Number of protein chains: 2
Amino acid sequence: MLWRIDFRDKRPIYEQVVSGIEDEIISGLLAPDEPLPSVRSLATDLSINPNTIQKAYRQLEADGYTYSVPGRGSFVKDTEGVKEMKKEDTLRELTALADRARELGVTEEEIQKAIKGDSHK
Amino acid sequence: MLWRIDFRDKRPIYEQVVSGIEDEIISGLLAPDEPLPSVRSLATDLSINPNTIQKAYRQLEADGYTYSVPGRGSFVKDTEGVKEMKKEDTLRELTALADRARELGVTEEEIQKAIKGDSHK
DNA sequence: CTAACCGTATTATTCGTCATAGTACAGTTA
DNA sequence: TAACTGTACTATGACGAATAATACGGTTAG
């Protein structure tokens, strides 16, 4: 586990769990058909209630990231389609944000500079 | 008033009021020292509770967008400093979003295309 | 077989935020 | 003086998030 729950975050815990695991799947750290930690063990590791993990897992399955087998566990799904959707969502966000920046009087040069921000690090 | 409350929005009402007025101030539609609608009249216009408007106005003042004079009303502040902060926030968001896009495998060309999205429409 | 795991479901309770309702007070202004 | 203004306070209802405590059936290793 690379991430932790931030209890000062205003986002609900189950949502932090969802995005934490989403990141692990998208980055390839969790490969397809690999098992996720069990509901109970992850709850223990993160010091939160098992029901909260269950809620996160239910959403991960609903979002197409995982599949569950009662008695066996939860597993990573083939995520190509989901990744494509995520890409398109991100590009749409990018367009909206750039437009909003222009409304604030940000120049094209500033936008370009922000985008190339740490690509050279 | 150019905007309305969206009751299906998951964002709280008072937050929609805050960003609605923020937009009017930033766009220059509400000029510095110009009075905002009164707590009670705006509540009537939007069909919501005056306490909700009061909460929004309290936050607008705390964020540096307005100043209030008991007995007289709420007024638009000089907003140059705030606009500068907003610009920098937006540029930081832009950098983070572009980085996230690259992690998803989005190419530089796709990023550029998204940014120039509707600048030609 | 059985004990120890798995996901899943259900009910109850607690907590905080949002929104509403009602009332009140002091300052401003026509 | 009457009608505004912002501001403050308490009470209430609704809702989501999180916890707690069980319970059930499927899977699997010893």
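As the structure is a computational prediction, the values presented were derived from the model and not from experiment. Residue numbering restarts at 1 for every chain, and letters A, B, ... go by the order of the sequence lines.
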- Query: Rounded to whole angstroms, how far apart are CD on A:Gln54 and P on C:dT8?
  - Reply: 7 Å

- Taking for A:Tyr57 and for A:Asn51 the nucleotide of DNA chain C with the nearest heavy atom, the one nearer the 5' end belongs to A:Tyr57

- Ignoring backbone atoms, test whether A:Ser74 places a side-chain nitrogen or oxygen under 4.0 Å from the OP1 or OP2 oxygen of C:dC6. no

- Task: Would you kindly give the CZ-to-P distance between B:Arg8 and D:dC15, to the nearest whole Å?
- Result: 18 Å

- Item | Interatomic distance where NZ belongs to A:Lys55 and P belongs to C:dA9 [whole Å] | 14 Å

- Message: Without decimals, in angstroms, what is the distance between A:Arg11 CZ and C:dT17 P?
- Response: 18 Å

- Give a yes/no answer on whether the side chain of B:Arg72 brings an N or O atom under 4.0 Å of OP1 or OP2 in C:dG27. no

- Interatomic distance, A:Ile53 CD1 vs C:dA9 C1' [rounded to whole Å]: 17 Å

- Taking only Lys NZ, Arg NE, NH1 and NH2, and the carboxylate oxygens of Asp or Glu, determine whether A:Arg92 and A:Asp89 approach each other closer than 4.0 Å. yes

- Should the pair A:Lys77-A:Glu61 be classified as a salt bridge under the 4.0 Å nitrogen-to-oxygen rule? no

- Length of the CG-C1' vector between A:Asn49 and C:dT8, whole Å: 14 Å

- State which of C:dT20, C:dC18, D:dT19 makes the closest approach to the side chain of B:Pro12. C:dC18

- Which whole-number value in Å describes the distance from B:Gln59 CD to D:dG6 P? 17 Å

- Message: Just to be sure I understand the rule, does A:Arg40 reach a base, reach only the sugar-phosphate, or reach nothing, if contact means heavy atoms closer than 4.0 Å?
- Response: base

- Item | Atom pair distance, as rounded to whole Å: CD1 in B:Ile13 and P in C:dC18 | 11 Å

- Query: Quick one: is D:dA17 close enough that its OP1 or OP2 comes under 4.0 Å of any side-chain N or O from A:Tyr14?
  - Reply: yes

- Query: Will you find, in the side chains of A:Arg11 and A:Ser19, an N or O donor that is under 3.5 Å from an N or O acceptor?
  - Reply: yes

- What is the nucleic acid contact for A:Glu15, judged by heavy atoms within less than 4.0 Å: base, sugar-phosphate only, or nothing? nothing

- Query: Would you say C:dT8 has OP1 or OP2 under 4.0 Å from some side-chain N or O of A:Ser68?
  - Reply: yes

- What nucleic acid atoms does A:Gln16 come within less than 4.0 Å of, heavy atoms only: base, sugar-phosphate, or nothing? nothing

- Task: Report yes or no: does B:Glu34 contribute a side-chain atom to a donor-acceptor pair with the main-chain N or O of B:Ala31 at less than 3.5 Å?
- Result: yes

- Message: The side chain of A:Ser38 is closest to which nucleotide in this list: C:dA19, C:dC6, D:dT7?
- Response: C:dC6

- Query: Does a donor on one side chain and an acceptor on the other come within less than 3.5 Å for B:Trp3 and B:Gln16?
  - Reply: no

